[in-house]
Amino acid sequence: MKLPLIIGNWKMNHLTEEVKAFFSDLNSRPLPGTPWIAPQFIHLPLALEMKGEAKIGAQNCHFQNSGAFTGEIAPQALKDLGVDFTLIGHSERRSLFKESGDFLNQKVLSALAAGLTVVYCVGESLGERENGTTNSVVERQLDEGLKNLPATEKLIIAYEPVWAIGTGKTATPQQAQDTHTSIAKYLKNRDLDCPILYGGSVKPSNTAELMACPNIDGALVGGASLSSEDFYQILDKAHNLD
Ligand code: 13P
């Protein structure tokens with residue numbers, strides 16, 4: 001995987017014309033690196049058609065590959081469509097949709113088995129940060145989600161402190177780096193070698209200072225990835241650190 005890695009998570013945003021405009025604009029620019037974009041499921045075929053240099057991913061998937069699971073999306077069906085990666089365990093899935101560690105573990109294993117790259121998301125709440133349990137919470141999430149993990153080169157970890165998501169409050173480079181260092185140690189102990197991305201109010205103005213930190217291998221970007229201009233700026237700044 002080429003680093004730094006910048007992934008746009010569009011969440012439940014954009015209509016068809018906006019997807020088209022985003023890729024038309026991105027495709028007209030000389031790209032400093034490979035952008036990764038996760039649109040809504042319904043826009044995956046259009047994104048795959050217009051992707052240019054980009055890699056296209058899903059924001060979630062089920063762990064079963066077929067069956068009576070109304071409204072769900074199978075990892076194998078995503079792979080079959082040409083999708084490259086999927087997010088698993090985003091904090092919005094954990095908190096709003098009550099996805100448990102065990103459920104997320106099954107998804108991680110199935111998505112990897114289907115040949116998708118998995119971006120497994122972890123992060124603490126404000127209360128957990130304030131009571132000093134950030135590292136233990138993140139470690140528990142890693143233990144749960146990465147149980148029985150096969151040898152793989154298709155795993156990426158995204159550290160997203162919940163209190164920094166969509167709030168405009170970014171972790172300071174020191175806060176982000178401290179947690180990334182702890183995650184890197186955890187991964188090393190398990191003989192896992194994978195990129196660790198930071199997410200939470202990443203924007204063009206704070207990209208350089210975050211990406212300059214050791215152990216921060218890229219960014220998972222929400223709000224600022226909706227604009228092709230901002231996303232391009234983030235990609236550009238991450239690849240051209242002074
Ligand atoms: P924001 O960049 O909007 O804070 O969202 C971060 C995120 O949740 C990306 O997955």
Side-chain angles (χ1 to χ4, degrees), residues 4-14 18-19 22 26 35-41 43-44 47 54-61 78 83-99 104 107-108 111 116-126 128-129 134 137-138 141-142 145 155-173 175-176 179-180 183 194-211 213 216-238:
L5 187 52
I6 305 297
I7 305 183
N9 172 14
W10 284 357
K11 309 191 180 184
M12 201 172 71
N13 292 296
H14 277 344
E18 292 164 310
V19 176
F22 180 96
L26 209 61
W36 292 34
I37 300 287
Q40 299 187 69
F41 284 123
H43 293 136
L44 284 170
K55 285 187 183 280
I56 303 299
Q59 300 171 14
N60 181 30
C61 65
L78 290 171
V83 166
D84 290 299
F85 70 97
T86 184
L87 310 185
I88 304 272
H90 189 278
S91 75
E92 285 144 25
R93 300 303 313 172
R94 292 177 189 266
S95 62
L96 302 175
F97 301 97
K98 311 287 176 243
E99 297 195 357
L104 296 175
K107 292 182 184 216
V108 167
L116 296 168
T117 294
V118 167
V119 183
Y120 180 63
C121 308
V122 295
E124 83 288 0
S125 66
L126 184 58
E128 289 161 342
R129 170 155 290 269
T134 298
V137 166
V138 166
Q141 292 169 336
L142 292 167
L155 179 68
I156 296 164
I157 303 298
Y159 167 59
E160 300 201 295
V162 177
W163 49 272
I165 295 179
T167 59
K169 261 194 216 167
T170 318
T172 63
Q175 284 172 320
T179 313
H180 278 240
I183 296 172
C194 55
I196 311 169
L197 314 184
Y198 169 80
S201 299
V202 174
K203 40 189 184 271
S205 59
N206 59 23
T207 299
E209 59 180 19
L210 286 162
M211 295 307 119
C213 297
I216 297 188
D217 301 315
L220 181 54
V221 188
S225 72
L226 294 172
S227 142
S228 51
E229 175 64 34
D230 285 354
F231 188 70
Y232 176 80
Q233 291 298 333
I234 291 172
L235 198 65
D236 190 46
K237 286 179 194 303

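Each ligand, and each atom within it, is numbered from 1 in the order the structure gives.
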Nitrogen or oxygen atoms of [X] and ligand 1 under 3.5 Å apart:
X      : result
Asn9   : yes
Gly222 : yes
Gly166 : yes
Thr167 : no
Gly223 : yes

Between the side chains of [X] and [Y], is a donor N or O closer than 3.5 angstrom to an acceptor N or O?
X      : Y      : result
Tyr159 : Gln141 : no
Gln59  : Trp10  : no
Glu160 : His90  : yes

List the steps, then state whether side-chain contact (heavy atoms from CB on, under 4.5 Å) holds for Asp84 with Thr117. CA-CA 6 Å; Asp84 290 299; Thr117 294; 5.9 Å; no
Judged by atom type as modelled, is there a donor-acceptor pair below 3.5 Å linking the side chain of Lys107 to the main-chain atoms of Cys61?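 It does hold such a pair.
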Applying the side-chain contact (heavy atoms from CB on, under 4.5 Å) criterion to Val119, which one of Leu155, Ile7, Ile157, Thr86 satisfies it?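 The passing option is Ile7.
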Taking Tyr198 as the fixed residue, which of Pro161, Pro173, Cys213 is the one that meets the side-chain contact (heavy atoms from CB on, under 4.5 Å) rule?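 Checked Pro161, Pro173, Cys213 against Tyr198; only one passes side-chain contact (heavy atoms from CB on, under 4.5 Å): Pro161.
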Check whether any heavy atom of [X] sits under 4.0 Å from an atom of ligand 1.
X      : result
Gly199 : no
Lys203 : no
Ser225 : no

Under a 4.0 angstrom heavy-atom cut-off, which atoms of ligand 1 come close to [X]?
X      : value
Ala164 : 4 (O)
His90  : 7 (C), 8 (O), 9 (C), 10 (O)
Ser201 : 1 (P), 2 (O), 4 (O)
Leu220 : 9 (C), 10 (O)

Between CD1 of Ile216 and CG of Leu197, what distance do you get to the nearest 0.5 Å?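 Between atom CD1 of Ile216 and atom CG of Leu197 there are 10.0 Å.
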So which bit of Cys121 gets within less than 4.0 Å of ligand 1, heavy atoms only: side chain, backbone, both or neither?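 Looking at Cys121 and ligand 1, no heavy atom falls under 4.0 Å.
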Mind listing the closest non-hydrogen atom pair of Gly199 and Val202 along with its distance?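 Distance-wise, the nearest heavy atoms are CA-CG2, 4.4 Å.
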Please write down residue, atom name and distance for the protein heavy atom closest to atom 6 (C) of ligand 1. Glu160 OE2, 3.5 Å
